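Before any comments, here is the structure.
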Amino acid sequence: MKVFGSSGVRGIANEKLTPGFVLQVAQAAGSAWDTDRAAIGRDTRATGQMLADAAASGLASAGVDVDRVGVVPTPGLQAYAEREGIPALMVTASHNPPQHNGVKLVGSDGVELSRHELERVEDRLLDEDFERVPWDETGVTSHVDGVRADYVAEVLAAVDREAIAAADLTVALDTGHGAGSLTSPEFFRRLGCSVLTVNAQPDGHFPGRNPEPVAANLEDLGRLVATTDADLGVAHDGDADRAIFFDERGEFVEGDAALAALAARELAAGDAVVSAVNASQRLVDVADAAGATLSMTPIGSTNIITRIRSLGDEGANVPIAGEGNGGILFPDYRIARDGAYTAARFLELLADGPTPASEVVAPFDDYANVRENVHYDDEADRAAMLDAIEDAAREADADLDTTDGYRLDYGDAWVLARPSGTEPVIRIYAEAGSVERAQELASWLQDATEAV
Ligand code: MG
């Protein structure tokens, strides 16, 4: 795909992502979709309204009526799309910096468009093959209220509200000025939790922190948890489809550790868990212990969603899927990442027992990650390096997976080499129970790569 990445299209608003471009994306979607109605939602970004207006015009010109649902988390728009049985267009750049924006496309089942469906829209876009209806068939825009409230009610009904309320928990929440600012504080209060907030006013300039929920952006939340009696810190990205945690001491919880803890509760023998080829050893160990299969996809959320569907078609049970960035899916609920739902499922782990968050993730603490980059000069250099990696990989005493790059699984550790999509480097990742073991594997593959 030339225009759409694995999660739609993103760029700096009014530079790459102009109203004209978004208008064309919406014209293409409206032309490719077999629908007379679609929904548009957006996160809190300063350029969201401008771009949503452009998207509404594009859909209307293709004869599609538009439900404008306003600011809503992406999973809230997905819930609306499924409920109404109509496709949807989300104006969001997810975790990207404030000046960015983007478009994500959702099908009438509430699931992000598959790669195949995105390609149909992209073909229309590149060919400017737009369906322009006569003036008296153009779409009409309606503003729809209550979509956020319906979303909160739906997530509340889907989790173990009684157990969470009985545990009398305090949640410190950092919605990062994003769309979750308008839903998550209410959601956790109605779950029976006491709620403390930071960066929880919706603001498209993101004055308190960048939308990406990584440790470096979440020092305020860590401090809030450490200096209060909060049992858990929860952070979202800009469109609140991700949840990242701090334990009750204010310590950052690695996304991979949270995913492993949630998976340990979900997985039974014979189940499958889907993750990308950089899946953590933590998840490998959890799947092994449960007698479940870890199914790895190329990196990118669309690939994970496509795999969940194909495994489901084959009759496999996939109770959980996702990545270590806080983007987790519980396919029995919906094939969508959902920050509020994921956080509530984590609160269920705390309510069990009850158990402090630090103890919930303790079994998944002692893992070490090492990353190395090997630069290449040109295409020939790159190809020679990949050949060298392949030779080394085939001789190694490990399971080789070539889904996306070269991943070697040793049982207790893994190493992955794959070319960057954006820079002239081959990235080497390794993870093991000790930093020495991880470094040994990364250095071995780095040496093999550099020996060209
Ligand atoms: Mg997101």
Side-chain angles (χ1 to χ4, degrees), residues 4-13 17 40-48 51-52 69 71-81 88-106 110-113 118 148 151 155 173-184 187 199-200 202-204 206 209-215 217-218 221 234-245 255-256 258-259 275-276 299-305 308 321-330 333-346:
F4 292 113
S6 70
S7 37
V9 56
R10 287 185 204 158
I12 295 178
L17 220 82
I40 295 179
R42 61 185 172 91
D43 67 18
T44 54
R45 286 166 197 276
T47 54
L51 296 175
V69 308
V71 175
V72 65
T74 296
L77 182 65
Q78 291 179 278
Y80 183 77
L89 186 155
M90 180 74 188
V91 177
T92 177
S94 190
H95 63 272
N96 284 27
Q99 65 271 31
H100 289 240
N101 216 326
V103 172
K104 197 177 276 192
L105 299 174
V106 174
V111 180
E112 276 177 42
L113 291 196
L118 267 183
R148 290 191 297 266
Y151 163 65
V155 184
L173 190 57
D174 181 344
T175 53
H177 306 295
S181 305
L182 294 167
T183 50
S184 277
F187 171 70
N199 302 323
D203 189 327
F206 301 91
R209 72 158 166 96
N210 243 37
E212 186 165 20
V214 291
N217 291 336
L218 299 174
L221 179 60
V234 177
H236 295 315
D237 64 336
D239 64 334
D241 62 349
R242 284 161 59 176
I244 283 289
F245 304 111
D256 283 319
L259 173 59
S275 193
I299 288 172
S301 64
T302 311
N303 298 313
I304 290 180
I305 289 166
I308 293 169
E323 296 171 275
N325 62 6
I328 298 177
L329 305 89
F330 297 83
Y333 173 57
R334 177 171 291 116
I335 303 179
R337 289 175 307 251
D338 188 322
Y341 181 83
T342 299
R345 298 303 302 267
F346 200 87

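A quick note: this is a predicted structure, and the numbers were derived from the prediction, not measured. Just so you know, ligand 1 is whichever comes first in the structure, and atom 1 is the first atom listed for that ligand. Below, each value reflects all heavy atoms present in this structure, side chains not excepted, and no hydrogens, waters or symmetry copies.
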Review point. In D239, which N, O or S atom comes closest to the Mg ion (ligand 1)?
Key: OD1

Study note, to complete from the structure: Here the N/O/S atom of D237 closest to the Mg ion (ligand 1) would be OD2

Practice item. Tell me whether S94 has at least one N, O or S atom under 2.8 Å from the Mg ion (ligand 1). Key: yes

Point to revise | Qualifying residue, where the test is side-chain contact (heavy atoms from CB on, under 4.5 Å) with P73 and the options are D239, T183, V155 | key: T183

Check your understanding: Are I305 and L329 side-chain neighbours, meaning at least one heavy-atom pair lies under 4.5 Å?
Key -> yes

Review point. When you measure from the Mg ion (ligand 1) to each N, O or S atom of D241, which atom gives the shortest distance?
Key: OD1

Point to revise | Whether Y341 and F330 hold their rings parallel, tilted or perpendicular, with breakpoints at 30° and 60° | key: perpendicular

Check your understanding: Backbone N or O of S94 within a donor-acceptor pair of the R45 side chain at under 3.5 Å?
Key -> yes

